[in-house]
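Here, residue 1 is the first one in the sequence, and each next residue gets the next number. Just the heavy atoms: all of them, side chains too, but no hydrogens, waters or symmetry mates, feed the values below.
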Amino acid sequence: PITAFSADERTLASVRDKAAKRGADAKEAWQLWIVDPLGNIPLQYTQNHDGYDLMDDLKKLLKLSKIG
């Protein structure tokens, strides 16, 4: 099962800053950010990616993950 969590405003601001540094554009139709428990953004997707990209990348990320 997928677990969702709520982040406080300070954490969200930090994630937004990191995403902006990676070139995220708030004006895009949609964005998906995968954020780890430490607030890092290992994966970022826009409408140009398909579900297969996401699934393959998530498998690799979870296989390599040391923090959960």
Side-chain angles (χ1 to χ4, degrees):
I2 297 174
T3 303
F5 69 93
S6 295
D8 59 29
E9 285 301 315
R10 186 174 166 193
T11 302
L12 289 173
S14 173
V15 169
R16 285 186 196 112
D17 289 344
K18 289 178 184 178
K21 288 178 184 174
R22 290 181 61 156
D25 183 4
K27 296 177 184 164
E28 292 208 35
W30 66 268
Q31 298 176 43
L32 174 66
W33 302 342
I34 305 299
V35 182
D36 72 11
L38 301 176
N40 299 311
I41 307 171
L43 302 173
Q44 174 188 345
Y45 297 90
T46 63
Q47 66 269 15
N48 298 328
H49 295 90
D50 62 25
Y52 295 109
D53 292 339
L54 173 62
M55 191 165 68
D56 290 343
D57 291 345
L58 279 174
K59 285 179 184 178
K60 290 175 192 172
L61 180 68
L62 291 172
K63 189 174 184 179
L64 298 172
S65 176
K66 304 273 190 223
I67 59 173

Can you name the side chain to side chain donor-acceptor pair (under 3.5 Å) partners of D57, sequence neighbours left out? Y45

Spacing of CG belonging to L62 relative to CG belonging to L58, to within rounding of 0.5 Å: 6.0 Å

Inter-residue atom distance K59.NZ - K63.NZ, 0.5 Å rounding: 10.5 Å

Considering non-hydrogen atoms only, spot the tightest contact between P42 and I34 and give its length. CD-O, 2.9 Å

